[in-house]
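First the structure, in the form of structure tokens, and then the observations on it.
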Amino acid sequence: MPLFSHRSSASSGSAGSAPLPSFYSAKPVKPSKPFSAFSSTRIPWPILVFSLLCLLIGLAGTLFALSAIRRNQPLPIFRCGTSEDTFRSFYSSSDSGKLVGDSNKGLVDRPKLLGFVGIQTGFESGERRSALRSTWFPSDPDGLLRLEQATGLGFRFVIGKSKDVKKMAMLEKEIEKYRDFMLIDVEEEYLKLPYKTLAFFKAAFKLFEADYYVKADDDIYLRPDRLATLLAKERSYSMTYIGCMKKGPVITDPKLKWYEKSGHLIGNEYFLHAYGPIYVLSAEVVASLAAARNDSLRMFNNEDVTIGSWMLAMNVHHEDNRAICDPRCTPTSIAVWDIPRCSGLCNPASKLKELHKIGMCSKSPTLPPDDK
């Protein structure tokens, strides 16, 4: 006789009997899943994923902090909007006052100068900049500062931006080496020179408090000492436009270099305006340009014509000075370039060095000797 016998449902509900455990049921029982000792302590997967993400973020933050501590801190850059002066950032660092002692404490956001000279350059003009740095333009920050102290003129290479990553990388290396650039937020393109010129004057006015602002190209030979003498001259006009003034026929043939697509607005002959390689605007003139909206000024094809049209509208005084467009070095020449053959020096990279070897160009007195 078996130890246990199944009873009917009626007998199982009798008063003296206790209910049977489920595993004694007459119904077939499905096999249960294997028992796990950890089933009662299992962590929900969303919490587990969140915890792992927090751990990874924490590790990444720690690594970034360590790398930031070990990395050399970049030099601060004097910035106004999207324009940068990489030269003054060099002298604002704590270990760069070797030349001037405590004078670097006087660096301010908008230093006072007799004149600020922006040497317009481009990404393809590396040889020109190299030639300039081996002639009249100082090749190191100390030399550039000495020139500024001696003449009252600040000098920078002015360049825009490029979408070419390699060009921008090469520029950054050059900036790191020489610290002599003003960077402006405009696309560097020949057809956009009027826009670059306006951006330059706006940036220069905001970064420097100068009596005069000079736009110069990177293919002229310049005498900074004589330029300072010109700018220091007493003038009765507060709104002054200094340059080598010219007039000429308007070019309406699209096949020619100086084609002007808006020539019908000008007529047959250009109005009086300065040659493009170098000209000067007084502070009051530049202040008006700095306050103007970019889209409120008409842009012609040619940069010098564009500036000349603005000067007509502003009723400035035109000061013609042939010493800033001299085709050869003389006792009074301020800027030398191959007028009228080239808009600047022909073959400037080599011609700059040739001129610098001529005593009349580089070593003659600032002022011509008095006639006796």
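Numbering starts at 1 and runs along the sequence shown.
The pair Asp253-Lys255 does not meet the salt-bridge criterion, since no charged nitrogen lies less than 4.0 angstrom from a carboxylate oxygen. Here Arg156 pairs with Asp85 in a salt bridge; the nearest charged N to carboxylate O distance falls below 4.0 Å. The existence of a salt bridge linking Glu188 and Lys163 is excluded, since no basic side-chain nitrogen approaches an acidic carboxylate oxygen closer than 4.0 Å. One finds a salt bridge joining Asp304 and Lys246 here, because a Lys/Arg side-chain nitrogen approaches an Asp/Glu carboxylate oxygen to under 4.0 Å. Checked for salt-bridge contact, Glu303 and Lys196 miss the test: no charged N lies under 4.0 Å from a carboxylate O. Ion pairing between Asp185 and Lys161 holds under the 4.0 Å rule for side-chain N and carboxylate O. Here Arg133 does not pair with Asp140 in a salt bridge; the nearest charged N to carboxylate O distance is not below 4.0 Å.
For the atom pair OG of Ser362 and NE2 of His356, the computed distance is 5.0 Å after rounding to the nearest 0.5 Å.
Under the ring pair (Phe, Tyr, Trp, His ring centres under 6.0 Å) test applied with Phe155, the options Phe116, Trp136, Phe208 reduce to a single match, Trp136.
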Derivation of the side-chain contact (heavy atoms from CB on, under 4.5 Å) call for Glu260 and Phe300: CA-CA 7 Å; Glu260 182 55 68; Phe300 290 97; 3.4 Å; yes
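One side chain, Ser364 or Arg223, offers a donor N or O that lies under 3.5 Å from an acceptor on the other.
Between Phe205 and Tyr213, the ring planes lie tilted relative to each other; the angle falls in the 30° to 60° range.
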